[in-house]
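Down below is the structure, laid out as structure tokens.
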Amino acid sequence: MLDNNVSILLVEDDDVDVMNVQRAFKKNHISNAVHVAGNGLEALARLRGTNGQEKLRPTPKIILLDINMPKMNGLEFLAELRADPELRAISVFVLTTSDEEKDRVTAYNMNVAGYILKPVEPGKFMEAVKTLDVFWSLIELP
Amino acid sequence: MNTPSHSPLKNWQFILLLILAFFIAAFAALWHVSQLQSRLIESTAIKNAHLLSDALTEFRTLYTSEVVAAAKRHGLEITHDYTTKENAIPLPATLSMLLGKKLGEHASGSKTMLYSPYPFPWRQKTGGLRDQFMEQAWQFFGQHPDQPFYRFAEYEGRKHLRYATADVMRPACVQCHNEHPATPKNDWKVGDLRGVLEVDFPLDQVVAQTHADLKGTVAIFGTIALLGIIGIGSVTSKLRRTSVELQHRVRERTAELERINQELDQYAYVVSHDLKAPLRAIANLSEWIEEDIADSLTDDTRKQMSLLRGRVARMDDLINGILQYSRIGRIDNNIESVDVDELLQDIIAGLAVPEGFVIDIAPGMPVFNTARVPLSQVFANLLSNAIKYHHQPEQGHVKVDVREVHAQKTNGEFYEFSVRDDGPGIAPDYHEKVFAIFQTLNARDKVESTGVGLSIVKKIVDIQGGDITLESAEGKGSTFRFTVPKIGNNEQGGSHNAG
């Protein structure tokens, strides 16, 4: 079980996918706060408290990141994140439909903690979230 | 590895050969013409000499019989020095010599000589046998008085025809010769060889004219040859330019086609990717609805929901198939040494092979340089098809075999792998169809299949430069054969990589 003080930022533009994550969290009894940003720009604004957004406190220690998004996609966001001294330590899990080798390599080059393909079947995603929960409870986050 | 030309002769070698052949033919023709001409010159000279000497002989005979005889009756003296005496006319020989001399001065440059071993005293100096030719002629006429004797000789720096005929004692002459006070011999009989009449013709005028003609012919030949060579050269260079241009255009078109193909693959990839998002939403939402209204569902609606999700799953498979298919051309595979036997064992271990189903790998599977992943995909698809579509999986049998083949068309070396099963077989009508994307022979509900597998297999084999064929008939099992090119193999010390 993940420490309740740890908040999670979900960067995802698809409402159904957002619901999917929320539903899976609920089913797995993950009660941590889950913030949602619709694209990379919005996520950065919320992490930094810029652009009229309120800064997220405490800073989320885990980010679930989609790749294909409008305005600023996941990989561009990741590059910004890793260049920011205050945000670079955040553990990022890519959650995407893209199984392109190029995306995967680029993501891992920017030190993502995991690269998960969104399965079509709901049951499978549930299992993935369950595994993530176990993993998060096992590791020590910064 | 596209070789522009398969001809063993390069273009320039061919042209060189052509020019060489042309020159040989031209020189042979010229040589032949010059031979003909020199023979013609000689025969013309001989004919002329023959006519002249005949004319002189005839003149002398006529003079002797018609003039000398009458003059004698009138008491005129017949002598060689007639110019210094009164009432004297020349001897026949003297006059005919004079005629020959005049003719020579006026026209052909010919010389006429009359000689014998028995010259009259006043001709002691000029009338004897003074050289080898004259002696030979005298000897020759001793045996063949009725034939001419001639030689081509060079003297005074010019080529001459020396044409000699026998001067035979005629009845009209015998008496006079025997009775002449200064005669060197007085027992002449009719038919005796008296002397030799020689006519000399210089050939150089004729030769010079002929040579001038020949030079003209050579010049014409040379011009024709030059024009021919220039023509061949310009045609060849034009052809080469055209072929270079064509090659260039083919390359452009190929590049364009490759680009379009890649675009198409990219398009398929993006589209199928984008199709997945709504599909996932449908799957999720339907499941949530089902969960939320679980209590009010009837058996019918529950079945319908399950059908809905089954179709969603199928659509997911189809999209995955398109993704896989589009990825084949987009991803470069490393060439590495692949142990095919080991590769097959790995694939079989990963397949759900039913109890009793036998997969037999023939001995002698090669270890060769190729792309591992595509080869593995081809085998995996063919083997899993053999299992999936077998009518009696519990006693099915598949045999994997290999042989080396040489393709005439591309002049390449290949391995031909075959996967033979004893399944239900495929009617010949469908042999083309099975390789097309989304083609299945069973209703999708009976055997869950997307119809992508064999199209992927074909695309992979095609891209690698190979070929795939199917031999099958209903109830006879199926044999898929595909070829994989051998790439320059390190173990064999680098085979010839023609290109």
Side-chain angles (χ1 to χ4, degrees), chain A residues 10-30 34 36 38-40 64-71 73-75 93-108 115-130 132, chain B residues 262 265-294 302 305-334 371-374 377 448 450 456:
Chain A
L10 172 62
V11 191
E12 170 65 74
D13 63 324
D14 188 321
D15 287 343
V16 180
D17 282 336
V18 173
M19 281 167 67
N20 197 13
V21 171
Q22 287 167 338
R23 226 178 146 97
F25 271 36
K26 201 168 149 194
K27 278 219 163 167
N28 284 296
H29 311 291
I30 302 171
V34 176
V36 179
N39 60 58
L64 295 178
L65 181 64
D66 186 22
I67 288 184
N68 297 317
M69 287 181 297
K71 290 181 187 168
N73 73 30
L75 296 174
F93 292 81
V94 174
L95 196 56
T96 181
T97 50
S98 169
D99 64 343
E100 261 198 286
E101 177 87 9
K102 201 177 65 185
D103 288 349
R104 221 176 310 169
V105 171
T106 312
Y108 275 109
Y115 193 103
I116 301 156
L117 285 178
K118 292 178 188 168
V120 168
E121 277 176 59
K124 280 188 186 163
F125 187 65
M126 211 63 76
E127 276 173 43
V129 171
K130 195 171 171 182
L132 273 180
Chain B
Q262 265 177 9
D265 279 346
Q266 186 67 31
Y267 170 80
Y269 184 81
V270 170
V271 164
S272 50
H273 225 269
D274 288 353
L275 286 175
K276 272 204 158 189
L279 189 67
R280 211 174 45 252
I282 294 169
N284 285 326
L285 292 167
S286 69
E287 181 154 308
W288 299 336
I289 293 166
E290 195 183 356
E291 278 172 16
D292 294 349
I293 55 166
R302 224 189 313 278
M305 291 307 276
S306 129
L307 274 174
L308 174 70
R309 265 199 308 286
R311 293 299 189 271
V312 167
R314 187 183 297 165
M315 180 135 178
D316 188 42
D317 285 345
L318 287 173
I319 292 171
N320 282 337
I322 299 177
L323 278 170
Q324 254 185 302
Y325 187 82
S326 77
R327 195 176 305 161
I328 295 162
R330 294 187 308 129
I331 288 174
D332 289 331
N333 289 292
N334 291 333
R372 175 185 293 273
V373 178
Q377 276 177 297
E448 196 59 56
T450 55
I456 285 177

Handout entry: Under-4.0 Å salt bridge between B:D317 and B:K276
Key = no
Practice task
Taking salt bridge (charged side-chain N to carboxylate O under 4.0 Å, His left out) as the test, write out the residues that go with A:R104, two or more places apart.
Solution key: none
Exercise for the section: Side chain from CB out, backbone as N, CA, C, O: work out which of these in A:K27 comes under 4.5 Å of a heavy atom of chain B, or both, or neither. Expected result: side chain
Exercise for the section: Would you mind checking which part of B:N284 comes under 4.5 Å of any heavy atom in chain A, side chain (CB onward), backbone (N, CA, C, O), both or neither? Expected result: both
Handout entry: Pairing of B:R309 and B:E290 as salt bridge, 4.0 angstrom limit
Key = yes
Handout entry: Heavy-atom side-chain contact between A:L65 and A:E12 under 4.5 Å
Key = no
Exercise for the section: Under 4.5 Å, counting heavy-atom pairs only, tell me which of A:D15, A:N68, A:T97 racks up the most with chain B. Expected result: A:T97
